[in-house]
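Computed from heavy atoms alone, side chains included, the values below leave out hydrogens, waters and symmetry copies. Chain letters run A, B, ... following the sequence lines, proteins first, then strands; residues in each count from 1.
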Amino acid sequence: MTTTMEKLEYNKTLNLPETEFPMRGNLPQREPEIQAKWDALNIYAKVQEQQAGKPKFILHDGPPYANGDIHIGHAMNKVLKDIIVKYKTMSGFDAPYVPGWDTHGMPIEHAIIKNKGINRHEVPVTEFRQMCYDYALDFVERQKGQFQRLGVRGDWQNPYITLQPEYEARQIQVFGEMAKNGYIYKGLKPVYYCAACETALAEAEVEYADKTSPSIYVKFEVLDGKGVLPAENTSIVIWTTTPWTLPANVAISLGPDFEYDLVAVNGENLLIAQHLVSAVLKTAGVDAQPKVLKTFKGSELELVTCKHPFLDRESLVILGDHVTLESGTGCVHTAPGHGMEDYLVGLKYDLPILAPVDGQGKFTAEAGKYAGQFYIKANKQIIADLQESGRLLVEKSLDHSYPHCWRCKNSVFFRATEQWFGSIDKFRDKLLEEIKKVEWSPVWGEVRLHNMVADRTDWCISRQRKWGVPIPIFYCNDCNTEIINDSTIDKLSKLFAEHGSQIWFEKEASELIPHGLTCSCGGDTFRKESDTMDVWFDSGSSHMAVLDARPELQWPADLYLEGSDQYRGWFNSSLSTAVAVRGQAPYKAILSHGFTLDGEGRKQSKSLGNVVDPLNVMKQYGADILRLWVASVDFRSDTRVNDAILKQVADVYRKTRNTFRYLLGNLNDFNPQTDLVPLDQLLELDRWALNKFEQVRERVLKGYEANEFHVVYHEINNFCTVAMSNFYFDVSKDRMYTVAPKALERRSGQTAMYQILVALTQLLAPILTHTADEVWTYVPGASEESVQLTEFGGVVAPFDAELDKKWDAILSVRDEVLKAMEVARQEKTIGKSLTASLELYPDSKTAEILASAPNLKEVLGVSYVAVQEVGTAVAADATQYNGLFVKVTAAGGETCERCRVVTPDVGTQAEHPTLCPVCADNVVHFIK
RNA sequence: GGGCCCAUAGCUCAGUUGGCUAGAGCGCACGACUGAUAAUCGUGAGGUCGGAAGUUCGAAUCUUCUUGGGCCCA
């Protein structure tokens, strides 16, 4: 051996961190590789197999609609679910996750018609439905790939899809059960209707265009003023732009809080809203200043009756919040069969729903003398008749925006048609009772759903559409009685289970009915109901079609987790069907998340150009960054995202990744089987690191348990930066690098680092699911193929509050000293900490703290430190800090070539003239 | 118009039953290191707690109103 080693060669006598784990994540490229590994492993099945027999935790997936690519809301939802499922499995639960899709309904019909230019009326139903089916399944596949790209673990091979035969079969059973319980009835409800196309239209199929309509003011003679309104020679004036709806008039709505004047005009008394009197009379061409006879509040006039202007019928005065004073008379002509608001207010007063217009738009016999006329054409005659009978105050015309059919461009109208309803009223109390039993997070969810259920009207299940699950009802051809019973449902659900609901459209009723079915009237020929079910009935049945049907799942679910729009949607529909058929909520707990807005808290929209596309985020940053973002925010309220926010998350990711890299680098020669140091032999600083981690571990687990992932995020980030990087790694690194590889001092540090590495990787696995698995392949001694196949370990070192408190004090003193060193650094007295020498003049309390530190030089990272006795005269050039005076000078002596400590002792060992004595000893361990 | 919700430093979050000069991390500025290096360390500057009024000895925390924003209805 030579007497002097080259400077460079001393490098090789150090335990520098070394690892293949890359500093940069390169996530967009690496994640798909990791996912390929999971696929090859069939990780879902493997996890499920491993957790079999453990207590179950069922998170039931709310099915996204299979139309379009996923957006940030989908991403957030699925990531949250994945975090929970993975947390639960790693906590010792059997938490199967079966993803689902919602596939029926208007938007898909719409897309087929629009994209393929299909005319629904020209293509056979079965063919049209097949196109919808194919379209939906295409998007299921597409979204599936996108969800998998997010790193979500689930039974992707066997998802539930609402168009699956077994699903449809269960769904009509649910409907059958509800019918059996008396919760299904047939009623009337107005829908948009196009007379030219002879079809009902959905909201989305209606477009608005300008139209000129008659504008008439009509007098309704008062019959019974209920002792409030003088009936003599008195009329209530209504205004309408649809005279043809007058035959369906059954009421006049007033605003309960508005003032109404009874005014004397041309020898008769007219009731008009006070604010509108002059406008109405001006329109009517009345010049004279009207005499106000009396003023009423709308609410006083409730239940007054009037005479219909041309039919032998009464019209009831009712109160409604839909009445405005923007136009008209403040007295609103109300025809529940021809308007949505009229219908709703009509329900409150139990008004008859009249719609004397047939499918071709012609008046029926119910309309009296107008029978047979096309509804719009009848306007003219109705106005003429009103004129003649003196009931018309005035006629004008009005240009306004009016709904038109998207296809034929003709104007449309509201027409009450027969529909199937679910009678919420019959089990509303039970619904409200069940809501109380659910655990709501956030807590206001309970109020929100409660109010909704308390206020909602009966559930209109009928849709006049083709792409949906048919309403499984037959009608007797002889007497029109509807037939739904155990045997029909049983037969149909068997047929559906085998062939799917398509069979309903392929076969005649005679081929679908159970053998020997006869009507009570004796009839034995039947026809099929043509309506399909509201898609909310589809997804609302998932608890029966999925939870109750699959052996690995359970009814009810432990948790439903969806966006806050689902209070009205899936939370609501699922509760309704479940209470109707089982008398119980299908979920034990509801967790809802908010919406994702842009950086300014505004709704994301294409037109604003502020949409954050999760697919782009994954391409640019990677899924783990997106997942970390989800974890970083308090998702219960609305959250914000933009590129700046993602960049910040990416920074936190890098810090975390580097922490892992540093840990791995220091453990490259560590074997947990042989090198683990027992707890009681650990150096105090290493014991402290484990102690700190234990505290973090407990808080993190608490955060997961409370579904507060942002707590997890902050807790881990703070731990990595403050406790580890800024302090522990920094002060222990000289020891870790310079000491003999197998020395206790090093194995002690490695033991702490190893324990932290393993547990931290696991704790992060539910969130940074790819990165954690990547790290896992580098963890010494880790034999599992994936960190997802492990469960969280228990306490490594019980938390020692005393120890923590002691070191908190040491760290505060360190902060003060660091400030002093920073001043010296600015003054160029020192550079890095090892070039400094310290003289400390503590007060008595600080002296105690300093004395308690096991290795002050290490903790402060300097080459020399002298602690003076309390009361020693403070050097003139020392500066006062909190609890002590500090004097910083450049350390005297030479810099040791190897450990970089500055000391006069360098060169005392002749063999190593550039080393300090400690290094001269240690270096022996590296020379072979 | 109705039901429910949100609003603390540039960003993401803490702030226990109202009580010391409102905290953390990131970002930013300045500096150090060059043996965690497309890394790492240090120091520092940032908030009249959306606004107004009130209750109180005292309010980010309670009440009322108000502004902006979100979801669901109408």
From [options], pick the nucleotide closest to the side chain of [X]?
X	options	answer
A:N11	B:rA39, B:rG35, B:rG44	B:rG35
A:Y713	B:rU12, B:rU37, B:rU40	B:rU12
A:S632	B:rG35, B:rU12, B:rC6	B:rU12
A:N658	B:rA36, B:rC5, B:rA74	B:rA36

Say you pick atom [atom1] in [N] and the same atom in [M]; how far apart are they, in whole Å?
N	M	atom1	value
B:rA59	B:rA53	P	13 Å
B:rG54	B:rC5	P	27 Å
B:rU48	B:rU43	C1'	27 Å
B:rG3	B:rG10	P	34 Å
B:rA39	B:rA32	C1'	14 Å
B:rC20	B:rA7	C1'	27 Å
B:rG46	B:rA29	P	16 Å
B:rC49	B:rU8	C1'	4 Å

Between A:R735 and A:D686, does any side-chain N to carboxylate O distance fall below 4.0 Å? yes
Just to be sure I understand the rule, does [X] reach a base, reach only the sugar-phosphate, or reach nothing, if contact means heavy atoms closer than 4.0 Å?
X	answer
A:R814	nothing
A:D634	sugar-phosphate
A:L14	base
A:S725	base

Name the one of A:I435, A:L431, A:L432 that satisfies side-chain contact (heavy atoms from CB on, under 4.5 Å) with A:L449? A:I435
Between [X] ([atom1]) and [N] ([atom2]), how many Å, whole number?
X	N	atom1	atom2	answer
A:R699	B:rC13	CZ	P	19 Å
A:F571	B:rG3	CZ	P	22 Å
A:Y737	B:rC33	OH	C1'	12 Å
A:K832	B:rA32	NZ	C1'	11 Å
A:K702	B:rA14	NZ	P	14 Å
A:Y653	B:rA38	OH	P	16 Å
A:D815	B:rG44	CG	C1'	14 Å
A:L319	B:rG2	CG	C1'	17 Å

Stepwise ring pair (Phe, Tyr, Trp, His ring centres under 6.0 Å) check, A:F693 with A:F719: CA-CA 8 Å; A:F693 179 71; A:F719 176 72; 5.4 Å; yes
Anything under 30° is parallel, anything over 60° is perpendicular, the rest tilted; go ahead and classify A:Y587 against A:W440. perpendicular
Which word best sums up how the rings of A:W570 and A:Y560 line up, parallel for under 30°, tilted for 30 to 60°, or perpendicular for over 60°? parallel
Residue pair A:R636 / A:S592, side-chain donor-acceptor N/O under 3.5 Å: no
Between A:W459 and A:D534, a side-chain donor and acceptor under 3.5 Å: yes
Taking atom types as they are modelled, would you say the side chain of A:T659 forms a donor-acceptor pair with the base of B:rA36 within the 3.5 Å cutoff? no
Does the ring pair (Phe, Tyr, Trp, His ring centres under 6.0 Å) test come out yes or no for A:F635 and A:W629, once each step is laid out? CA-CA 10 Å; A:F635 64 80; A:W629 166 74; over 10 Å; no
Salt bridge (charged side-chain N to carboxylate O under 4.0 Å, His left out) with A:D651: which of A:R654, A:K655, A:K647? A:R654
side-chain hydrogen bond (donor to acceptor under 3.5 Å, both in side chains) filter on A:D734, not counting sequence neighbours, yields none
Sequence-distant partners of A:Y728, ring pair (Phe, Tyr, Trp, His ring centres under 6.0 Å), two or more places apart: none
Just jot down the ring pair (Phe, Tyr, Trp, His ring centres under 6.0 Å) partners of A:H710, sequence neighbours excluded, or say none. none
Where protein sits on nucleotides 22-31 of chain B, one letter per nucleotide: B base, S sugar-phosphate only, - none, heavy atoms under 4.0 Å: --SBSS---S
Using a cut-off of 4.0 Å between protein heavy atoms and nucleotide atoms, how would you tag nucleotides 66-72 of chain B 5' to 3' with B, S and -? ---SSBS
What is the minimum heavy-atom distance between A:N11 and A:L16, and which atoms define it? O-CD1, 4.4 Å
With syn defined as a glycosidic angle within 90° of 0 and anti as everything else, classify B:rG69. anti
Given that A:M23 and A:G831 both sit by RNA chain B, which one's nearest nucleotide is further toward the 5' end? A:G831
Do the side-chain N or O atoms of A:R661 get closer than 4.0 angstrom to the phosphate oxygens (OP1, OP2) of B:rA39? no
Let's test your reading of the pairing rules: Watson-Crick or G-U wobble, both distances under 3.5 Å, then write RNA chain B as a dot-bracket string with ( ), [ ], | and dots. (((((((..((((.....[...)))).(((((.......))))).....(((((..]....)))))))))))).
Within 45 degrees of the ring normal and closer than 6.0 Å to the centroid, is that where the cationic atom of A:R657 sits relative to A:F21? yes
